[in-house]
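Note sheet for the following structure.
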2 protein chains.
Amino acid sequence: MSTQSVVTAIRVLEAVSDNQPAGLSELSRELDVPKATVLRMLRTLAELGWVAQSEAQAGKWVLTNHAFAVASRGSSGSVIRDAAMGPLNALQLDTTETVHLAVPDRGHMLIIERLDTPHVLRAFLPLGSRLPMHASSTGIAYLSAAEDKIVDEYLAAPLEALTPQTVIDPAQLRAMIGETRARGYSINEQGLSTGITSIGVPLLGPGGVAAGSISISGPSSRIVPAKYQEYGEAAAGTAREISRVLGAFSTKTY
Amino acid sequence: MSTQSVVTAIRVLEAVSDNQPAGLSELSRELDVPKATVLRMLRTLAELGWVAQSEAQAGKWVLTNHAFAVASRGSSGSVIRDAAMGPLNALQLDTTETVHLAVPDRGHMLIIERLDTPHVLRAFLPLGSRLPMHASSTGIAYLSAAEDKIVDEYLAAPLEALTPQTVIDPAQLRAMIGETRARGYSINEQGLSTGITSIGVPLLGPGGVAAGSISISGPSSRIVPAKYQEYGEAAAGTAREISRVLGAFSTKTY
DNA sequence: AACCATTGGTTCATCCAGTGAACCGACGAT
DNA sequence: ATCGTCGGTTCACTGGATGAACCAATGGTT
C-alpha cells in the first residue's frame, strides 16, 4: 500500500534469512524484484549492519547478529519471558529435564527460552528454532487453548511430517487437541525428532487468550508413559502460575 | 546514501526495540523524523508483522516475535553455534557450571547460547542479552583477541558501571585485557552482577580474527579463586577446539 | 472550568528518491 | 568457441515518499 521500498527491503531481509547464504540472482528471482533493486536493498541493509557479505563466499549475503540483537527484545518475547523464567526454573529443577518456552509465530512455535537438563543425554533446540505446530508438544498445547478459527486455519494448510511418527492427519490432530484440552497437557512422542518425547502446556495472556506454551522434553527412554501424568501436572501448575502473572485470570478489563 | 526510506524504517524499528513500548511522538522526537513519516513506517512494519500496537496500551508500539524469528537465523549465529555446541556441552558437563556463548555486537556481547548448571543456585542471562564488554568476562576475553583499533574505540567511549565492582577505568581495563592475553582467560568478579563471577575465553574465526567468546559463570561463592585456573584452562581448551572448527588455524587463505 | 501542553493520528502539494530494463565483465560447463 | 549464469552497474523516468500544518482527544494546572 505504501512505503513499498520498505516492504521490498524487509522482504529481502526475510528472504536472506530463509536462504542463508543467499545470492543476488537467487533473491531477485525468488522475490520477483529486479537485481538492481535487491542489490540496493542489500547495500542499505548492510550499511545499517543487518546483513553482510559472507566471508566464506563472496557475493553471498547473510544476516548479521546485530539483526538478532535488535529483534531479541521482542515484546511478547520479553514480557512472557520475564513472567516465565522464575517458575520455569523451578520446573526444570523439579523434573531435571529440559524445559522450553515457546510463542506462536505464523503457524510455527518459536523457541524463545530453554533451561536444560544436567543429564549427559541432552536433546535441546537452539534458541530461535521454529517448529511446526502439529509436530511439537508446544504447538498442540498452544492450539488447545487457541481460538477455533486459528485451529481451523492451521489444519486447513498442508502439513509436513518430520519423522515417521509425525501426525499429519487433521482429524487425528483435532482429537489430540481435544485430549490435550481435557487432560491439561499435550504429549508428543517422537513426532518432532526421533527418540524425543515431550509434554506441553499452554500459557494464557490477558483475557485468557493463548499466548504461548511451555514444554518438558527429553529422550523417549527417560520420558516414559509412566511419567506423563507427573510431568504434565507439574508443567500445568507452572503454566498456571505464569498465566496468572501475565494477567490471564485478572478481572480488570482494560 | 540511498534508499533513505528504508534507512528510516530500520531506524524506527531499532528505536522501537530500544524503547519498548514506544509512543509515536517519542520516536519522532528521538529520531528527528516527522511524526507522519514515523507513523507510515510503523504501519508498514506492522503490515509486515514486525511491529504491532501494544495490547496493553493503545498507541504504543512494540516488536513482535516474528521479528525475532526472522533475525534468529543470524549467520555468524548459527555458524558459530554449530561449531560451538558440541565442545561447549562437554565443558558444561565437566565443570557443572553455566556456560555461555557470546558474539560481539556494537560494543556489547550478545549471548546467543547457554547451557545450564544443575545447581539450584543458578545465575543465568536470558538468551539474547546484551552485555557491555567492559563489564563481562566474555567482553574482556573478546577484546583481548580483537584488533587494537577495536579496543581503542571501545575504551574511548564512556563506560557505565553496573555494580560497585564494575571496572570502568580505561587504563585498568587495558591492564585486564593484557593479563587476559597473557593468561589465556579473563576473570570478572561481580562486575556484571553482584554475587556472580565468571571466566571468559575468546573464540577465533578464519584468519585468527576474534569472533566471539565463551564463559563459565556462577555464584561467587562457588567460583572461587582456587578454581580460576582449572576453569580457565578447561575453557581455553574448549575454545581452541571451537576455533579450530571455525577455521582459525587453517592455512588455506581464501 | 477555562487553559495549556501533550498525545496519536491525518492531509496533501511538492519533488526527489526509488525503479527496472538494459548493460558489463567474469566464470564454468559443454 | 559458445552459451548460460553469476554479481554488479548505469541512468532516464516517474510515482512514491516527504514533512509542515492541521485535527481531535486527553490530562494536568491554576
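Per chain, numbering begins at 1; letters A, B, ... match sequence-line order.
- The CG-C1' distance, from A/Leu24 to C/dG20, rounds to 13 Å in whole Å.
- No more than 12 heavy atoms of other residues, nucleotides or ligands lie within 6.0 Å of CZ in B/Arg240, so this atom counts as exposed by the packing criterion.
- In this structure, CG of A/Leu42 is placed 15 Å from P of D/dC6, rounded to the nearest angstrom.
- Within the 4.5 Å cutoff, no side-chain heavy atoms of B/Leu246 are placed close to those of B/Leu204.
- OP1 or OP2 of C/dC16 has not a single side-chain nitrogen or oxygen of B/Gln4 nearer than 4.0 Å.
- The phosphate of D/dG8 (OP1 or OP2) has a side-chain N or O of A/Gln53 nearer than 4.0 angstrom.
- Distances shorter than 4.0 Å separate some side-chain N or O of A/Ser25 from OP1 or OP2 on D/dC6.
- In this structure, the CZ atom of A/Arg43 is 15 Å from the C1' atom of C/dG18, given to the nearest Å.
- Proximity note for B/Pro34 (side chain, C-beta onward) versus C/dG8, D/dG19, C/dA17: the nearest is D/dG19.
- One can place CZ of A/Arg29 at 15 Å from P of D/dG8, the figure rounded to the nearest angstrom.
- Here the nucleotide nearest the side chain of B/Leu39, chosen from C/dG8, D/dC6, C/dT10, is C/dT10.
- Between B/Arg114 and A/Glu113, at least one side-chain N (NZ, or NE/NH1/NH2) sits under 4.0 Å from a carboxylate O, which counts as a salt bridge.
- Of the candidate nucleotides D/dC6, D/dT18, D/dA17, D/dA17 has the atom lying nearest to any side-chain atom of A/Ser5.
- Looking at A/Lys35, its side chain has no donor and acceptor atom pair within 3.5 Å of the base of C/dG20.
- For B/Glu147, the CD atom counts as loosely surrounded, since its 6.0 Å shell holds 12 or fewer non-hydrogen atoms of other residues, nucleotides or ligands.
- Going from atom CD of B/Glu26 over to atom C1' of C/dT6 covers 13 Å, rounded to whole Å.
- Taking atom CZ of residue B/Arg11 and atom P of nucleotide D/dT18, one finds them 12 Å apart after rounding to whole Å.
- If you check the side chains of A/Trp50 and B/Glu14, you find a donor sitting under 3.5 Å from an acceptor.
- In this structure, CH2 of B/Trp61 is placed 16 Å from P of C/dT7, rounded to the nearest angstrom.
- Straight-line distance from the NZ atom of B/Lys60 to the P atom of C/dT6: 14 Å, rounded to whole Å.
- Here the nucleotide nearest the side chain of A/Thr37, chosen from C/dG20, D/dG19, C/dT7, is C/dG20.
- Distances from the side chain of B/Arg40 to the nucleotides C/dG8, D/dG19, C/dG18 place D/dG19 closest.
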